[in-house]
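Chain letters run A, B, ... following the sequence lines, proteins first and then strands; every chain starts at 1. Not measured: the values here are computed from a predicted model.
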Amino acid sequence: MINVTLPDGSKREFADGASPLDVAESISKSLAKKALAARVNGELRDLKRPLDGDATVAIVTDKDADGLELIRHDAAHVLAQAVQELFPGTQVTIGPVIDDGFYYDFARKEPFSTDDFEKIEAKMREIVDRDLPIERQVWSKDDAIAHFKSIGEAYKAQIIDDIIPPGEAITLYAHSDQWSDLCRGPHLPSTGKLPKAFKLMKLAGAYWRGDSNNEMLQRVYGTAWANEKDLKEHLHRLEEAEKRDHRKLGRQLDLFHMQEEGKGMVFWHQKGLTLWQVIEAYVRRRLQEAGYVEVRTPQVLERTFWEKSGHWDKYRENMFVCETAEEETLSLKPMNCPGHVQIFKFGQKSYRDLPLRMAEFGACHRYEPSGALHGLMRVRAFTQDDAHIFCREDQIEEETANFIKLASSIHSDFGLERDHISLGTRPEQRAGSEEFWDKAEAQMLNAARAAGVEPVIAEGDGAFYAPKLDFQLKDAIGRSWTCGTIQLDYVLPERLGAEYIAEDGQKHRPVMLHRAILGSLERFIGVLIENYAGAFPMWLSPVQVVVAAISDTAADYAEEAAAELRKAGLRVEVDTRNETINYKVREHSLQKVPVIAVVGAREAEERKLALRRLGSNGQQIITLDEALLSLAEEALPPDLKRRR
RNA sequence: GCCGGCAUAGCUCAGCUGGUAGAGCACCUGAUUUGUAAUCAGGGGGUCACGGGUUCGAGUCCUGUUGCCGGCACCA
């Protein structure tokens, strides 16, 4: 006898060998029908796998997050079977679940085409209709390797060989006798349980085992949902997200453009630059408040300089190098750190000067691989809101914690929600002892916790000389970008000979904290555009108010009102064109101007403004004097608002 | 950099199996002086990304290059 405890706390008895499916059936026929898998003592298991003994059992259906994951995993398997049926000779490799769907990597000489998708999807539906029982099989490692080799699946054989410790058993999941795949499971009880709400999305290349030295496989991405409605909603969300694309909005709102001759370089138009300047001024105030000093270092420096810093050796491929008529070799700075060390080294520094927080809006150039370029998010010329904190070792934690608080406050002032903070730990290739890394990783973790955040551990993602914390923000379609980082560095001060006089009168080596809050102005503006879909809050909006005249009779007053608003510090445009007010409202609304001040004969007469807010079609008629006060107040950056 | 796709007017796009380029918006001109998301009429505008090739003839087919898009790798 097996005692089963259900989620509601009730207990039932079953014969030995009973499975979660029996449990589901004992509860209700409909539950058994909807059941996809079960959580047995917290572990996700196949529905038909017999219970080992007394257990708590929760039936998983497509309403659970677990259920959706199973559906996606099975969709990947069904995709693989469909592809192998349609394209014999194609080898399978791996097919995991990802956000919103799944992918499967195939090895096949001829490229797949998106034209094949329809055919593959039809075959997938056919496999669902076959309702093949999905069976869990336990194999020995050697048998499994021999099996996959015998059927020409070299990649599978290699995975098993590399990943599974010798002697350990592995599981295969078989779609009846038609198809099987190496898999930890669990899976649905049969292919018929897979909802047909799936769709193949895109085709891409991907290196075998994620290593660019390996051959490239063909990756098919798909999405899968519990039902047709969820699928439709997902596709709709993607369409909506596309409208927020910063590259599209950058053109529509006349913020910036890029062109062939300057790959990865931005031409900032007037409105985009205004946004930039507002952001820069805000960050400058926040840094000044937080005890930073601002500096500026040269754009181009001699090769010998970069040799000393170590970049010539380690980073050469990514540097823009140039030669002069006098045969000097120079490089555009790819980062600001070595320059800041020079300023630190200039003259003598005392322990009383520490921590020294040295900031620069530093324009850097990096020769990024062409395939990495992506709108404003990944460019070759960018401006970091960079700073280096020179401090003693015992100041690291406090400085790091304070930095995290400052960065969080700034991100929140911009209305951005952080996805997560990641702690990049020791990479495979690294400098420094294990003790050093143990200590450094603990310092970063403690500092994060002191600032009230629990970082997600990114194994092996640290810099080669020390761990780092990265602030991850998401774009419109869910891609995560690093905006903000703090990295510990003992190496550069050593290399470049930075030192200070301590209380003991001796020279000591400072530690450096590299840190940025926005990351780069370019990327940050890209994220901002997508976050707001171009409809910026008043304080960031390149144009805050458009004064639109209804007819020529109000034109003079419109100019006068605009001049007054400008005097109050607002960014204002006037529209006295010979167009209807409907046309003007539409145009400025599409340009996402937060406030349109409509003025006609009445307003001119009474010295008033009819204010219309973006996104509402009501209006607020107030006197020009009132408007000057209230709009100026509204347009104040968040930090200045707090000071009042 | 690698795999795949795409490239037609300022923008968004149409142009079937090769027969000599089109729409809407934008722009310019004129009329209209307008009350909260497109006033009407007329006009100008394209080496069809660039370079080779096939053909009587190429936007369309082949090929090379560049750029962009989606991934992968990279991002101290």
Nearest-nucleotide check on RNA chain B, A:Gly371 vs A:Phe464; residue mapping nearer the 5' end is A:Gly371
Consider only side-chain N and O atoms of A:Trp306 and A:Thr304, and report whether a donor and an acceptor are under 3.5 Å apart.
no
Taking the nucleotide of RNA chain B with the closest heavy atom to each, which residue, A:Ala466 or A:Met216, is nearer the 5' end?
A:Met216
Nearest to the A:Glu260 side chain among B:A73, B:C2, B:U66, which nucleotide is it?
B:U66
N/O donor-acceptor pair, side chain A:Arg612 with base B:A37, under 3.5 angstrom
yes
Looking for any heavy atom pair under 4.0 Å, which part of the strands does A:Ala601 touch: base, sugar-phosphate only, or nothing?
base
Whole-Å C1' distance, B:G18 and B:C13:
22 Å
Under 4.0 Å between any heavy atoms, over every strand shown, what does A:Asn582 touch: base, sugar-phosphate, or nothing? Just pick one.
sugar-phosphate
Which whole number of Å gives the distance between the C1' atom of B:U39 and that of B:G35?
15 Å
Just to confirm, is there a sub-4.0 Å distance from OP1 or OP2 of B:C2 to any side-chain nitrogen or oxygen of A:Ser212?
no
Distance, rounded to the nearest Å, where A:Glu215 contributes CD and B:C72 contributes P:
18 Å
Check this for me: does the side-chain of A:Glu603 come within 3.5 Å of the base of B:G35 through a donor and an acceptor?
yes
Within this structure, what is the CD-to-P distance between A:Glu587 and B:U39, rounded to whole angstrom?
11 Å
Provide the distance between the two C1' atoms, one in B:C48 and one in B:G42, to the nearest whole Å.
27 Å
Nearest-Å distance for atom pair CZ/P, residues A:Arg247 and B:C69:
5 Å
State which of B:G1, B:C11, B:G70 makes the closest approach to the side chain of A:Ala204.
B:G70
Under-4.0 Å salt bridge between A:Arg244 and A:Glu242
no
Does A:Lys202 reach a base, just sugar-phosphate, or nothing at all? Heavy atoms under 4.0 Å.
sugar-phosphate
For B:A26, does OP1 or OP2 lie under 4.0 Å from any side-chain N or O of A:Tyr583?
yes
Just distance, no hydrogens or angles: give the donor-acceptor pairs under 3.5 Å from side chains in residues 475-484 of chain A, sequence neighbours left out.
residue, atom, partner, partner atom, Å
A:Asp475, OD1, A:Ile477, N, 3.1
A:Asp475, OD1, A:Gly478, N, 3.1
A:Asp475, OD1, A:Arg479, N, 2.8
A:Asp475, OD2, A:Arg479, NE, 3.0
A:Asp475, OD2, A:Trp481, NE1, 3.1
A:Arg479, NH2, A:His374, NE2, 3.4
A:Ser480, OG, A:Gln472, OE1, 3.3
A:Thr482, OG1, A:Gln472, OE1, 3.4
A:Thr482, OG1, A:Gln472, NE2, 3.1

What's the CZ-P distance between A:Arg251 and B:C68, to the nearest Å?
13 Å
What interatomic distance, in whole Å, is found between P of B:G53 and the corresponding atom of B:G10?
28 Å
On the nucleotide B:G70, are OP1 or OP2 found under 4.0 Å from the side-chain N or O atoms that A:Arg479 carries?
yes
When we call it a touch if two heavy atoms are under 4.0 Å apart, what does A:Leu217 touch: a base, just sugar-phosphate, or nothing?
nothing
Return yes if the base of B:G71 and the side-chain atoms of A:Tyr207 contain a donor-acceptor N/O pair under 3.5 Å, otherwise no.
no
When the C1' atoms of B:A26 and B:C69 are considered, how many whole Å apart are they?
25 Å
Side-chain atoms of A:Ile550 come closest, of B:U34, B:U66, B:G71, to B:U34
Answer yes or no: side-chain N or O of A:Arg378 and base N or O of B:C74 forming a donor-acceptor pair under 3.5 Å.
yes
With sugar-phosphate meaning primed atoms plus P, OP1 and OP2, does A:Lys468 contact a base, only sugar-phosphate, or nothing at under 4.0 Å between heavy atoms?
sugar-phosphate
Could you check which of B:C75, B:U33, B:A37 has an atom nearest any side-chain atom of A:Arg523?
B:C75
When rounded to the nearest Å, what value does the distance between C1' atoms of B:A9 and B:C25 take?
12 Å
Spacing of the P atoms in B:C61 and B:C28 (rounded, Å)
37 Å
Take the angle between the ring planes of A:Phe524 and A:His411 and call it parallel below 30°, perpendicular above 60°, tilted in between.
parallel
Is a donor-acceptor contact shorter than 3.5 angstrom present between the side chain of A:Asn617 and the base of B:U36?
no
Atom CE of A:Met201 to atom C1' of B:G4: distance rounded to whole Å?
16 Å
Under a 3.5 Å cutoff on both atom distances, Watson-Crick or G-U, what's the dot-bracket for RNA chain B ([ ] crossing, | other strand)?
(((((((..((((.....[..)))).(((((.......))))).....(((((..]....))))))))))))....
Any idea how A:His388 and A:Phe390 line up, ring-wise: parallel (<30°), tilted (30 to 60°), or perpendicular (>60°)?
tilted
Would you say A:His374 reaches B:G70's phosphate, i.e. side-chain N/O to OP1/OP2 under 4.0 Å?
yes
For A:Tyr465, report the nucleic acid contact type (base, sugar-phosphate, nothing); a contact means any heavy atom under 4.0 Å.
sugar-phosphate
When rounded to the nearest Å, what value does the distance between C1' atoms of B:G15 and B:G59 take?
8 Å
